[in-house]
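Note that the coordinates shown come from a computational prediction; the quantities given were computed from them, not determined experimentally. Sequence lines set the chain letters: A, B, ... in the order given, protein chains first and strands last, and positions in each chain run from 1.
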Amino acid sequence: MPADLTKSERAVSPTRYKDAAMQALAGVDPVPGAKKPDPILVADGVTRRFGGLTAVDVDHVEIQRGSITALIGPNGAGKSTFFNLLTGFDKPDDGTWTFNGVSLSGVPPHRVARRGMVRTFQLTKALSRLTVMQNMLLGATGQKGESFLRAIFPPIWRAQERANTARAEELLGRFRLDTKRDDFAGTMSGGQRKLLEMARALMVGPEMVMLDEPMAGVNPALTQSLLGHVKSLREEGMTVLFVEHDMDMVRDISDWVLVMAQGRIIAEGPPEQIMANEAVIDAYLGGHHDAPLDAPEDAPLRDEASSRRKDPEATR
Amino acid sequence: MDWFLIFSNALAAAVGLETVIFALAAIGLNVHFGYTGLLNFGQAGFLAVAGYGLAICVATFQLPTLVGVAVGLLGAVVLALLLGAPTLRLRADYLAIVTIAAAEIVRLVFRSVTLSEYTGGSDGLGRFAEGFYSINPISPGSYGLGPLDFNERQTWVLSVGWTLVGLSCLLVFLLMRSPWGRVLKAIREDEDAVRSLGKNVYGYKLQSLVLGGVLGSLAGFMTAWGNAVVQPDNFSTETTFYAYTIVILGGAARVFGPVVGAAIFWALLSFTDNALNQAKSAGYIPEALLSTVQVGQVRLMLVGLGLMALMIFRPQGLFGDRRELALDAR
């Protein structure tokens, strides 16, 4: 557990968890559905159909504890739906999955969060008309003052509230949001909201953090700082699963990559290997990986893109 | 024109029975709509269940007043659970549809001929308020301050009513600054975010619906005692919409918003009514332009105009914070 790590230990080995994750994953066969040495999350036969469309059809997938795992794939691949299923926000037609060895099938979202698996959303959900501090405090678990009868008597919950506030202040400081403490969350920029959402999720004290497109709509300067925060989650012993489109970011921070297409996991492996995978490159990592490559209306755009690639001066 | 009379009547309306009733109904609605974001369009149903629960127990079954109050409160809780249990898991608009229909069902059941043996049908029930007035500690006489003047019965009703308003405001104040209230406000903003943080959103919404319904039931008791009679048409959808108007007028999600909103709403109605009538009898408005029977409608039009102006120039209500309103676009 991260709490066992003293400051000096961390100073000696700032990448202790990264090294551990790399080591653990080194011997894993890079094929879809590969067994991991110490999986925190195991999903089996999870399917979700919307009418005739099968949005998610995952045979078997394991997420290594203490690693940063990226989930990539083109739009409509079913990444977000898979996220929703795992966190209880959507119900699958079929399938089981376990978190820390305990089944999460049919568990409502708030119980999933209480068991230590906390998610963020693709469209950031800052609680606009609550202050940044109130947003943070909402994340704390086991609050006595959140029960109706005890809420009326502040002495019962005041001490706990103070402790939570101190913890929230520490987190806000880490995410450089401490100056925003008493502002309405709705006044913040898109990037700051992403930071707030991540900090708020940490208030729950999760073992595993699920980030749905944490970098979407964030400017490049802030991306670097967000990257640092995601890495630091791993160094505190948390497991991270995130959906992302930006391949540079995926390469930079992930220990393992899952590739999803048309609802299935079609490839997985270390990032370098996935980048080199011909099928993956062709289908998802080309110059135009956000759109179906065979879309006829995109043909002029593709031509233009490829001609620019041949002649770099043309882009200047 | 007797301006003194017009203003003293408006002042009396501002502290009068209607203000008390609608303040209580609106405090409950404010918990639903203002704090939790629940679209309850059936607040009148909670008033009706409480008012009739009390009246039927006492007038039809000759039970003590306290039993009637208990039955009324229980009725409000049951109604809230009945409405909330199936709808609160669904999208917000379902609650709106179900509550507006349920309130009408409640009213029509109390109005029905079949049950008139117990409910008095469309005439309603009387002779149940003696228990309430018999414990009146105020000796007969006239009480008032300045232009206000109430007899001992009115004084008793208003004292009890304003005490209830005060206690309700205190309860809402204590709850809404607690972590419990924080969860409600967060649900108003985005319930999925609250779920993702490990809170049982459904449970909180149900608690909010029950709390607001019980506060509304206090308004039902005051309607019953204040008029010494309950009639089904006291609890029409109009009651709910007046309560909404009052919540928005005062400023949603503000503790005293509903109270001040109710006072201003009824003072305005009284003011326009009196002013129009006096202007007519003084001959300022010719009969051809506005007949005496039309005054009642025209005063509502004028109040409506005033409310429109308020929404245009102060959309956050009297107590609201404009900055919050600007954040509404998520």
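Side chains of B:Leu95 and B:Lys205 form no contact here, defined as non-hydrogen atoms less than 4.5 Å apart.
The contact between A:Ala140 and chain B is made entirely by backbone atoms, counting heavy-atom distances below 4.5 Å. If you measure heavy-atom distances from A:Pro109 to chain B, the contacts under 4.5 Å come from both the backbone and the side chain. Within the 4.5 angstrom heavy-atom criterion, atoms from both the backbone and the side chain of A:Gln134 approach chain B. For B:Leu171, the part lying under 4.5 angstrom from a heavy atom of chain A is the side chain only. Residue B:Phe173 does not touch chain A at all, counting heavy-atom pairs closer than 4.5 Å. In this structure, chain B has heavy atoms under 4.5 Å from both the backbone and the side chain of A:Arg119. Only the side chain of B:Leu211 has a heavy atom closer than 4.5 Å to any heavy atom of chain A. Heavy atoms of A:Arg150 lying under 4.5 Å from chain B are absent altogether.
Not one N or O on the side chain of A:Arg193 forms a donor-acceptor pair closer than 3.5 Å with the backbone of A:Thr124. Judged purely by atom type and a 3.5 angstrom limit, B:Glu189 uses its side chain to pair as donor or acceptor with the backbone of A:Arg129. No side-chain donor-acceptor contact under 3.5 Å links B:Tyr242 to the backbone of B:Phe265. Between the side chain of A:Thr239 and the backbone N or O of A:Gly66 there is at least one donor-acceptor pair closer than 3.5 Å. With hydrogens and angles ignored, the 3.5 Å screen pairs no side-chain donor or acceptor of B:Lys185 with any backbone N or O of A:Leu130.
Annotation: maximal heavy-atom pairing with chain A below 4.5 Å, among B:Ala193, B:Ala253, B:Ser196, occurs at B:Ser196. Note on A:Pro206, A:Ala201, A:Ser147: by heavy-atom pairs under 4.5 Å with chain B, the leading option is A:Ser147. With chain B as partner, the option from A:Thr187, A:Leu137, A:Thr120, A:Asn135 having the largest number of non-hydrogen pairs under 4.5 angstrom is A:Leu137. In terms of heavy-atom pairs under 4.5 angstrom with chain B, the leader among A:Val204, A:Leu123, A:Leu127 is A:Leu127. Most heavy-atom pairs under 4.5 Å with chain A: of the set B:Leu174, B:Val194, B:Leu184, this distinction falls to B:Leu174. When each of B:Asp192, B:Val201, B:Val183 is checked for heavy-atom pairs under 4.5 Å with chain A, B:Asp192 comes out on top. Ranked by heavy-atom pairs shorter than 4.5 Å toward chain B, the options A:Gly186, A:Ala113, A:Ala151 are led by A:Ala151.
Aromatic ring orientation, B:Trp180 versus A:Phe148: perpendicular (interplanar angle above 60°, classes split at 30° and 60°).
Between A:Asn164 and A:Met203, the shortest heavy-atom contact is O-CE, 3.7 Å.
Remark: A:Glu207 engages A:Arg65 in a salt bridge, criterion side-chain N to carboxylate O under 4.0 Å.
In this structure, the ring of B:Phe256 has its center no less than 6.0 angstrom from the ring center of B:Phe319.
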